[in-house]
Every structure is written in C-alpha cells, then in structure tokens.
Amino acid sequence: MAAIVAALLLLSTGSWSLLSQAQTCVDESRFKEQVMYTGQQGPPYRLNCPLEPPQPRLTWQKDCQQLHHQEGNAYLEFTHLSLEDQGNYTCMQQGNSTASFTVHLVVKEPQCSRAPAFEPNGGLNRLWGNVGTSVTLNCTALLLWDQSAEQCDNSLQWTKDGRSLSNLTRYTQNTSSWSPAAGQLMVNSVLVITIKELEDFGLYSCTVRNVSSDFSLQNTNRPSHTAAVIAAVFLLLLLAVAAVVYSRCHLNIKLWYRNSYGDYELNDGKLYDAYISYVSNDYDRKFVNFILKPHLEKKSGYKVHLNDNDILPGGEPSAELLMNVSRSRRLIVLLSHAYLEQDWCCSNFRQGLLHLLEICQRPVFIMLEGQSKRMRPEVKEQLSEQQHRLTVLTWRHNSVTPSSVFWKELDLSMPRQVPFHAEYAGDPQTMLQDDKDPMLTLEPDYLNCNSDIDPAGDLGLRLPVYKALAGKAPVLPAAPIPATEPRPSDIDVSDLGSRNYGARSDFYCLVSEDI
C-alpha cells in the first residue's frame, strides 16, 4: 500500500520530476518543459539550447543518449514532428559537464487538427425540389476545441459543385455555435436555397477543417429511369426463365405445337404411318416387337407395318417392297450392328444410303447406344453428311420410360395424329379425305338402294342416287301424272377420270384378284 501511495505522489509532482530522477544526466536546477503542436506551424520544428550566453561548441543528448549527428549545433531541427520525438533533450558544452541544460519536449496533437463529427451523419444527403420553391440545408458539426489555441478554424463554408457560393440573392445563410461541454464546440449553419432555374440543382457541400458533408439537390420533375430499369431487369429475368424452361422442356413444347398447330398428312393415299425395317435376329426382333411396335401402336396410336426383309437387297428392290414403303408415311430403320453387316451396307454404304433417300424422304435411323460406339467411321461420316435429310436417334439405357427423350424425338419425327372418335370405324386418315367416290369409300352403306316410290311426282327433278351428307333434298308436292314403269336410276360417271383412285389401289387389286 505504501508503494502505491508513493507512486501516486510521484505522479502528482509531475512527469518531469519523475524523468529527472530516473535519468542521471538531467540537472533539476537547469530544466524546463516545452510543448510543441503538430501541424500548428510549418516544418522544420526547431528546439533551441537555453544556455546563456550561447556556447559555440555543444553536444546533444536525448534521454542521456548521445546524438552524434548534432555535435556543434546550437539547436535541433525536426523535419516531421511526431509523438516518438518526446523526451529530455540536454545540450552540453564540450569539455565542461557542468554547463548543460535539459529541455523536456512534449509533443501534442492540436484539437484543431482533429476531424469534426457531422450530425446526423457525414454521408450524402439527397433532397428534392422544383423550380420556384425553396429548400433548406441544415449542417451541424461537433468540433474538439482548445481555447488556448490561436490558429483554430471553426467556421463552416458552403460550396456548390466545388465552387464558393457567389450569388447571395438566391441563398440565405444563418450560422450559430455553442459549447455543449468542455473542449467541445457545436457549429450549425442553415442554408436556404431559392430555386429559380435548373442550374440551382447540384451538389452542395458544407466544409469545416477540410472535411465536408454533401447535400445532393435534385429535380423532382426530371425524367426517371427507374421504371425502365425495373422493366429491363424483369425482362431479363423472364428471358432467363424462358431459356431455362425451353432448355429443359423444348421437346414437350415442340410436341404441343405440332399436335396443336401442325399440318395433317391427308389425301396422300398412305395406309400406314410407319414402315419398320430391321434384321430378323433375336435381339433386333425382340426390340422391334416388344418395345418399338407396342409403343407406337398402343401409346401413340400409329399404324405400323413390319418387314424383316432386306430393304435394299443386292439387286434392285422388289415391287412389293417399293409398294409397302410407298404406302407408309415414315420409314424407320433399326441400324444395329447386324443391320450394318448386310451386303449392301458392307460393300457401299454411301450408295445404299443415297438410294434409300430416293425411296423415302426423311427416314428415321435408330442406333443402339452400345453398338453405335463400334460403328465404322465411314458410316458415321455418311450419316453426319446427310443429317439434314434424315433423323438419327440413339436408344440409351434410360430410354425405357415413355417420357424419355428418345420417345419424344421419335414422336416429333412421326406425322401428326388425327383425332378420331370411337364411334367411327376405319382409318381416320381415309375417313377425313375429301373424295366421296362410292368406289373409294370404306362404308358405302349410305347409298340409297330403294326405288323411287313416286317417279312421276318429282316434276322431272331427279334426286341423286346417294344421300347428301350436308342435308336432305327438298320435298316437292306431288302432281297428278300418269304412273309409268320405274326406270333404273342413272349414275353420272363423267368425272370418274379426275378422281384420286390411288388412295385405294389395294381395293382394285383385290377386285382384279377375284376376277
């Protein structure tokens, strides 16, 4: 406890006595304290030796440590004064240790050099106004103040866009200051701006001690780009979402568009939607009969014709083969490893492919994932060259599900399916044909085979022998005409030469075979 009391007594006597007791080179009788403020005066800072009369040859010590570069100087100069320069500086006459004087240098930072604190904050303040109105700018700053300091700038200055306010008729300034506490000074300046033209809008700054608080005065009626920016951002987000949705669902979108707005392939005389060509081995036959054909017929509702004969044999294709291909709207080829081992594939694949494209336009080639990797390079090259004329699909391990990419791409390559209700019978492609020739119609039951019950009562107007699909013929009142023998109805055959009999070529083949 006694040691603590002694320490407090030493502190109360002053720091200079404590330092003088701790340093033996300090003479208490020849000692003084000097205070210097950083920034208060310009460099260099000079510390003079108080010895009188001035001695010609002096040596300097700081805290009893010799300063070798200052020998013979009557004063010390500091280029940059900092807190590290504090201490006891002793000037001593050379050869006479009794002729010395110690100056205790205290370095302080003046209160005027400290940055002010703006209230409520020193950031950018935005204000809005119109031409013909007045706007008030309120700038308040808290300063650290030392009354003993002579050179201390405590005034607030207003500038606009970096320039001092010159036209005082537009501006009214009211400045006040008060001391809320010891060592503090509150300075307030209120600037009233009368907006007369567009040049009065801009950036106003309140500056004190080289620190500013900014006020941005903006026109309320100026065109705002906020709505345009929001619309642009929304449009970009919408496009990004659309791109992501299309990348993931582009096949579904194409299928929906094809099924909603695509063209029907009608009046083409085709009996089948697809002709499937494959090699009759165990693997290919199982794939076609248990996977490909059931999906196309049961899931998609297509009419499929199978043929395991060589689509392009060594010689010219047979008439039956050409007729079956011509009766189908699409040609599907299972391009397996066994299929490529056929003679026409091994000898000249390019010639066979061109010949195949002549028989059927836009054929569909199905390759198996495991076997496509072992395909010959010339086959891949020819398929790549003709990719704009054909469709190449790859069956993968995940293509079993009905919603896989394989089945969607295959459905896109097929014709648009015609919606057909269950109460009708027959091929919907044929039922929707415009040709109503009785010889080309699958259901000729609407022909009226009954004789005319009143041949004389129609006033010479002869009704058609078959019923009109659009409506019934008008009924006219009967006239007293003598009864005559019924004559067989005549059929107008003048336009039979212009009718499309190619749609039912198989019907005439059957008739010719019965004959």
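Fair warning: this is a prediction, and the values are worked out from it, not measured in the lab. We use all heavy atoms of the structure for the numbers below, so side chains are in, but hydrogens, waters and symmetry mates are not. Along the sequence shown, the residues carry numbers beginning at 1.
- With a 6.0 Å radius and a threshold of 12 heavy atoms from other residues, nucleotides or ligands, F287 has its CZ atom above the threshold.
- Ionic pairing of K303 and D273 is not present here: no N-O contact between side-chain nitrogen and carboxylate oxygen is shorter than 4.0 angstrom.
- Ring planes of W407 and H295: parallel class, angle under 30° (limits at 30 and 60°).
- Looking only at distances, no side-chain donor or acceptor of R362 sits under 3.5 Å from a matching main-chain atom of S413.
- For K380, the NZ atom sits in a packed shell: over 12 heavy atoms of surrounding residues, nucleotides or ligands are nearer than 6.0 Å.
- No more than 12 heavy atoms of other residues, nucleotides or ligands shown are found within 6.0 angstrom of CG on N210.
- The side-chain heavy atoms of L137 and L217, taken from C-beta on, include no pair separated by under 4.5 Å.
- Side-chain contact between C139 and W158 is present, with at least one heavy-atom pair separated by less than 4.5 Å.
- Residue E378 places its CD atom among more than 12 non-hydrogen atoms of other residues, nucleotides or ligands, all under 6.0 Å distant.
- I276 has its side chain out of reach of L334: every pair of non-hydrogen atoms, C-beta onward, lies at least 4.5 Å apart.
- The environment of E84 atom CD is sparse: at most 12 non-hydrogen atoms of other residues, nucleotides or ligands sit within 6.0 angstrom.
- The closest side-chain heavy-atom distance from Q86 to L105 is not below 4.5 Å.
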